[in-house]
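Heads up, the thing below is written out as structure tokens.
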Amino acid sequence: MDAEEPSVPQKSTTTSTNPNNANYNAMSSNHSKLTAPESDVRAAQAATASKPEAGSDEEYHPPTSYLETIVHLFKGNIGPGLFAMGDAFKNGGLIVGPLLTVVIAVICIHCQHVLIACSKKMRDLRGDAVCADYAATVEQCFENGPIKLRGWSRTMGRLVDVFICVTQLGFCCIYFVFISTNVKQILQAYGIDMDVHLVMLLALAPVLLSSLITNLKWLTPVSLFANVCMILGLAITLYYALKDGLPEVTERAYWTNGSQLALFFGTAIFAFEGIALVMPLKNAMRKPRQFESTLGVLNVGMFLVSVMFMFAGSVGYMKWGEQVGGSLTLNLGDTILAQSVKLMVSTGVLLGYPLQFFVAVQIMWPSAKQVCGIEGRSLAGELIFRCLLVLLTLAIAELVPALGLFISLIGALCSTALALVFPPVIELIARSEPNKGPGVWICLKNLIILILALMGFFTGSYESLKQIVKHFGEEELH
């Protein structure tokens, strides 16, 4: 049985990248079996590190509970993609869509468990008090893997950090666009014609204030209210769809062709891409073992998310068929009910911004401190950095044309790599034994996942590029 994981408040950590700090043979042994004294020592280390002493410059983040963590996980995975599932099921079909959604959900959740398992193995190998984050885990796996791969450790770690930051900040830019577009439609319904760029500026104030929250525990009420807004918005949308009954099942396609399935796959894989949040949420918990246990935060939270995705997609496609919009809210018309849903969903997305933003800041702020020569906690410095980063995402959203199409392209490249490429690769390295591979079944399973990842990579990139070319072609005609 694994040793109980101590909870340590999140701190910015740097990873030592000395290829000789552990040998490959040691990694292949069972390091997850700790003796009681080792567990006691580790718990003592965690207790010592849990809260900085008076006068210390170290940043203290209060640990989160099971419920607080599941609220964050829920919000991190429920966003604009939830309301796009009707369009996804239109591309997948009434039978194939739900089946593929289950398959993709299971694979993504499995990859998140793989990341946690590899992080725990590296923690035990190195004798650390807590598990490393995503990038550090990848770096440590390469660092302690076969000799030929050790020289790539630092590069792989930095590559993961770049992918995470691009993906998370890309989401933040899209959130600005989504909010401003929906609010503009609400204003138009009441005869107020306001430029979408001005609406973005109006959204800056609440986004900026929520982004100044510097730890997950204090972010819980924000995420909770965002969840309430998204769930209420979905509930009203589904009520609107179901109140007059649904058409006959025979009126809908049960399956579709290959090009449409590629679109479905791209939408679904992006909807389930929340792996960047896994390690920050786990390490922030008071009892980290509750995160990945059988009825832990990850399994329970992602099960609920998957059910919501399937229900929204099935009902949306059944109700509106081929006319289902890119967001279910677009099919509600201009009624007061429709405007209330748009307002609630926009509020939920707005309050989801700081959680996506949190992950990028956690990665970028330590490097920014080093560049600026800042030592210690420097709360003022962090708040200034957060303000500048929010302004950057706003500027990109304001200035870059067809932002959504470019973010989809970045997502096809970065999100697929984070969700489906790096986890099987580091498992192959971490599970390898001296002079032989990790085993037939491990290799076969990870090969299948990597093939699916490449399908998502190429189909998502192709469709995004095709839509970008189409968009600029239409602009030239106008």
Side-chain angles (χ1 to χ4, degrees), residues 9-10 12 59-65 67-82 133 164-180 182-183 200-231 233 273-285 297 301 305 343-366 368 379-397 407:
Q10 293 169 284
S12 300
E59 181 178 2
Y60 172 62
H61 290 294
T64 56
S65 67
L67 289 177
E68 288 171 331
T69 307
I70 209 167
V71 165
H72 289 313
L73 181 73
F74 204 71
K75 184 64 206 82
N77 287 275
I78 296 293
L82 171 64
D133 62 17
I164 291 175
C165 290
V166 170
T167 301
Q168 298 303 120
L169 293 179
F171 288 158
C172 291
C173 295
I174 279 294
Y175 280 16
F176 265 117
V177 176
F178 183 90
I179 294 164
S180 59
N182 277 272
V183 172
M200 282 190 199
L201 288 175
L202 295 177
L204 174 62
V207 167
L208 187 60
L209 288 174
S210 63
S211 298
L212 297 180
I213 301 173
T214 59
N215 69 65
L216 285 174
K217 188 172 184 66
W218 299 338
L219 201 56
T220 300
V222 177
S223 291
L224 181 60
F225 187 67
N227 286 337
V228 171
C229 290
M230 297 297 287
I231 292 172
E273 199 285 296
I275 196 168
L277 292 170
V278 168
M279 296 314 299
L281 292 179
K282 173 180 166 62
N283 287 335
M285 289 188 72
V297 169
V305 168
L343 181 61
M344 280 187 286
V345 172
S346 296
T347 303
V349 170
L350 184 150
L351 297 177
Y353 183 104
L355 186 60
Q356 305 293 347
F357 187 72
F358 179 88
V359 178
V361 170
Q362 196 178 42
I363 293 170
M364 298 173 69
W365 173 233
L379 178 60
E382 181 179 353
L383 294 180
I384 293 172
F385 178 74
R386 284 171 172 266
C387 291
L388 293 175
L389 209 54
V390 171
L391 292 174
L392 175 64
T393 60
L394 172 64
I396 295 173
I407 294 299

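Treat the numbers as computed from the prediction; the structure is a model and nothing was measured.
Listed here is the closest heavy atom pair of V361 and P366: O-CD, 4.1 Å. The minimum heavy-atom distance between V390 and F176, with the atom names listed, is O-CE1, 4.2 Å. Shown here for L73 and N77, the closest heavy-atom pair between the two residues is O-ND2, 2.9 Å. Across every non-hydrogen atom of Y353 and C172, the tightest pair is CE1-CB, 3.3 Å. The heavy-atom pair separating C173 from A397 by the smallest distance is O-CB, 3.8 Å. Nearest heavy-atom pair across A226 and G352 is CB-N, 4.3 Å.
In this structure, CE on M364 lies 12.0 Å from CD1 on I164, to the nearest 0.5 angstrom. Separating the OG1 atom in T64 from the CG atom in N283 is a distance of 10.0 Å, to the nearest 0.5 Å. In this structure, CD1 on I231 lies 9.5 Å from CG on L82, to the nearest 0.5 angstrom. The CG atom of L212 sits 5.0 Å away from atom CG of L208, with the distance rounded to the nearest 0.5 Å. Annotation: the span from Q362 atom CD to L277 atom CG amounts to 10.0 Å, rounded to 0.5 Å. With values rounded to the nearest 0.5 angstrom, S211 atom OG is found 10.5 Å from L355 atom CG.
The shortest distance between side-chain heavy atoms of M230 and V349 falls below 4.5 Å. Contact of the M200 side chain with the I179 side chain is not registered, since no non-hydrogen atoms from C-beta on lie closer than 4.5 Å. Looking at heavy atoms from C-beta onward, I213 lies in side-chain contact with V222 at the 4.5 angstrom threshold. Residues L204 and L391 form a side-chain contact, since some pair of their non-hydrogen atoms from C-beta on lies under 4.5 Å apart. The side-chain heavy atoms of Y175 and L350, taken from C-beta on, include no pair separated by under 4.5 Å. In this structure, the side chains of F171 and V359 stay at 4.5 Å or more apart for every pair of heavy atoms. Side-chain contact between L389 and L169: present, with at least one pair of heavy atoms (C-beta onward) separated by less than 4.5 Å. Between V297 and H72 the shortest side-chain heavy-atom distance does not fall below 4.5 Å.
Checked by atom type and distance alone, the side chain of S210 never pairs as donor or acceptor with a backbone atom of P354 at under 3.5 Å. Judged by distance alone, with hydrogens and angles left aside, the side-chain atoms of N227 form a donor-acceptor pair with the main-chain N or O of V71 at under 3.5 Å. Side-chain atoms of Q356 never come within 3.5 Å of backbone atoms of Q168 as a donor-acceptor pair (strictly under, hydrogens ignored).
Scored by the ring pair (Phe, Tyr, Trp, His ring centres under 6.0 Å) test, F385 finds W365 as partners (sequence neighbours excluded). Every residue meeting the side chain to side chain contact (heavy atoms under 4.5 Å, CB included) condition with L201, not counting sequence neighbours, appears here in chain and number order: L198, L394, E398.
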**Report entry** Full working for side chain to side chain contact (heavy atoms under 4.5 Å, CB included) between V207 and F357
**Finding:** CA-CA 10 Å; V207 167; F357 187 72; over 6 Å; no

Requested in this report: Evaluate side chain to side chain contact (heavy atoms under 4.5 Å, CB included) for T347 paired with F225, printing each intermediate quantity in order.
Outcome: CA-CA 9 Å; T347 303; F225 187 67; 3.9 Å; yes

